[in-house]
There are 2 protein chains.
Amino acid sequence: MPDAAHPAPMNERRKFRREGEERRRQDLIDATLDSVAEHGLEGASLRTIALRAGVTAGLIRHYFPGKEELLQEAYAALMGRMTEQAKAALVMEGASPRQRLAAFVTANLNAPIIDARVFSLWATFIGRAGADPTLARAHREGYLGFRNEVEAVVAEVLGAEQRRPDANELRHHAIAINAILDGLWVEGCLAGEMFSPGELATIGVKAIEAELGLAPEKGEDK
Amino acid sequence: MPDAAHPAPMNERRKFRREGEERRRQDLIDATLDSVAEHGLEGASLRTIALRAGVTAGLIRHYFPGKEELLQEAYAALMGRMTEQAKAALVMEGASPRQRLAAFVTANLNAPIIDARVFSLWATFIGRAGADPTLARAHREGYLGFRNEVEAVVAEVLGAEQRRPDANELRHHAIAINAILDGLWVEGCLAGEMFSPGELATIGVKAIEAELGLAPEKGEDK
DNA sequence: AAGCTATTTATACACTTGCACAATAAGGCT
DNA sequence: AGCCTTATTGTGCAAGTGTATAAATAGCTT
């Protein structure tokens, strides 16, 4: 819509700025994620995306071979940010393994990881994993990477308690803990207002400590 | 495509049979779910759906006001079948509460509940829950119903052990157990071949018994 | 057998979609 | 200052979309 303050002569070509390549690609990917989150894959047309990014639709083809590639890159970017945030909570210096585990769980069950928009994106993309092997592989890698992180922390925690679980035990613990985190994440994203702040984290920490057979902390029993 | 054995005269109008209303609606809903599972919401056009159902596109409008209503009914049907199957495992006569819980968990972590197609459908629809309040409410109801079932079984199990949890404790247990089931369900659906048969159920039963603080069964420790 | 009715097909329409490509101008280089 | 590259716009197109509606016919009623 033409700005009333700057009445544009008719047929004037739209002014534009040249952005750096990396910047433009990021903007387009962000606009894609926004569009998908808001209107689903179906509503994310090239024109919608371009409008959101402040460019015209034709430009997209200058940066991406086609729509499919744009979507795949957008999904990869989303997964990258998610796992990055999730793992960031693990780098705590000078904390006991058990404290690190609790911090990890708490971080994963609060904002910004618990987020309806991110969940919507995840679900929309993952729903196509069955049909699109590219998406399926991207998920698999993200999942396994995350689970390996979990498994490493679990090994540390149990090691600090003088317990020596075998490989299979360790794997089962990691799978179960991962499931607890995933499940609570889904519930929190879908119905966050049903839980008081921090409640999901409390539930998660307790469930995971129970899974690992850790004695309750002093004063932690209600 | 015309059958070679019955060469059709040109411009012959397609033959058809009148099915009962209920039957047709079901066929259309099934065709919708198939289309969505295979090509996603975007690829599920009225013509695709009609083709799958063996009718022409125009007929859909005779049974549904528009595409959106068809999708909503399809989602409702999907949720209905899922929760119905899930709860069915609970009706075991003459079993101890603990056995019933274990059977419930096992049933929910094996086929046909663990199913890539159903998961794909669930994810695709739930991804739109953020934007579509109708879908969000449908999910909420299904989720709460399921969680209440879980809570009831938990109360029975703990009651049989002479334990009297308060309401909040009970709620937390139900949320945690629900998360374990959801999380393992997701993992199983997305990467079923990474787990040996029955492995997810084993992990789930152990994790849930740990959550409830139940002593391991005799001979159950590895 | 004839007629009725509502299920079903078929066609039309306005609109959107992804993609192709020519035209243009922004901004660095000399 | 002028030029050259290429990022960006704008237009066009064929295919597909949901919806509206007219035409046909399957199967029941009488």
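Here is how names work: the chains are called A, B, and so on, in the same order as the sequence lines, proteins then strands, and each is numbered from 1.
- As judged by a 4.0 angstrom heavy-atom cut-off over every strand, Glu21(A) is placed among residues making no nucleic acid contact.
- Judged purely by atom type and a 3.5 angstrom limit, Trp185(A) has no side-chain atom pairing as donor or acceptor with the backbone of Asn108(A).
- The closest side-chain heavy-atom distance from Phe195(B) to Ile175(A) is below 4.5 Å.
- Within the 4.5 Å cutoff, no side-chain heavy atoms of Val186(B) are placed close to those of Ile126(A).
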Where protein sits on nucleotides 21-30 of chain C, one letter per nucleotide: B base, S sugar-phosphate only, - none, heavy atoms under 4.0 Å
--BSBBS---
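- Nucleotide dC28(D) holds its P atom 12 Å from the CD atom of Glu19(B), rounded to whole Å.
- For Ile60(B) and dT19(D), the CD1 to C1' distance is 12 Å, given to the nearest whole Å.
- Looking only at side-chain heavy atoms (C-beta outward), Phe64(B) and Ile29(B) come within less than 4.5 Å of each other.
- Straight-line distance from the CG atom of Leu59(B) to the P atom of dT9(C): 6 Å, rounded to whole Å.
- In this structure, Phe104(A) and Ala86(A) approach most closely via the heavy-atom pair CE1-O, 3.3 Å.
- Within residues 34-53 of chain A, the residues having any heavy atom under 4.0 Å from DNA chain D are, by residue number, Arg47(A).
- The two residues Arg100(A) and Met92(A) make their nearest non-hydrogen contact at CD-O, 3.8 Å.
- By the 4.0 Å N-to-carboxylate-O rule, Glu68(A) lies too far from Arg128(A) to be salt-bridged with it.
- Between the side chain of Arg25(B) and the main chain of Tyr63(B), a donor-acceptor pair closer than 3.5 Å is present.
- Annotation: the span from Met194(B) atom CE to Tyr143(A) atom OH amounts to 5.5 Å, rounded to 0.5 Å.
- The nearest whole Å value for the distance from the CG atom in Asp27(A) to the C1' atom in dA7(D) is 14 Å.
- Atoms CG (Leu70(A)) and P (dC19(C)) sit 10 Å apart, rounded to a whole Å.
- Remark: P of dT6(D) and OH of Tyr63(A) are 12 Å apart, rounded to the nearest angstrom.
- Regarding contacts with the backbone of dA7(D), a side-chain N or O of His62(A) is found under 4.0 angstrom from either OP1 or OP2.
- The distance between atom CZ of Phe64(A) and atom P of dG18(C), rounded to the nearest whole Å, is 14 Å.
- Put simply, CD on Glu68(B) is 9 Å from P on dT19(D), counting in whole angstrom units.
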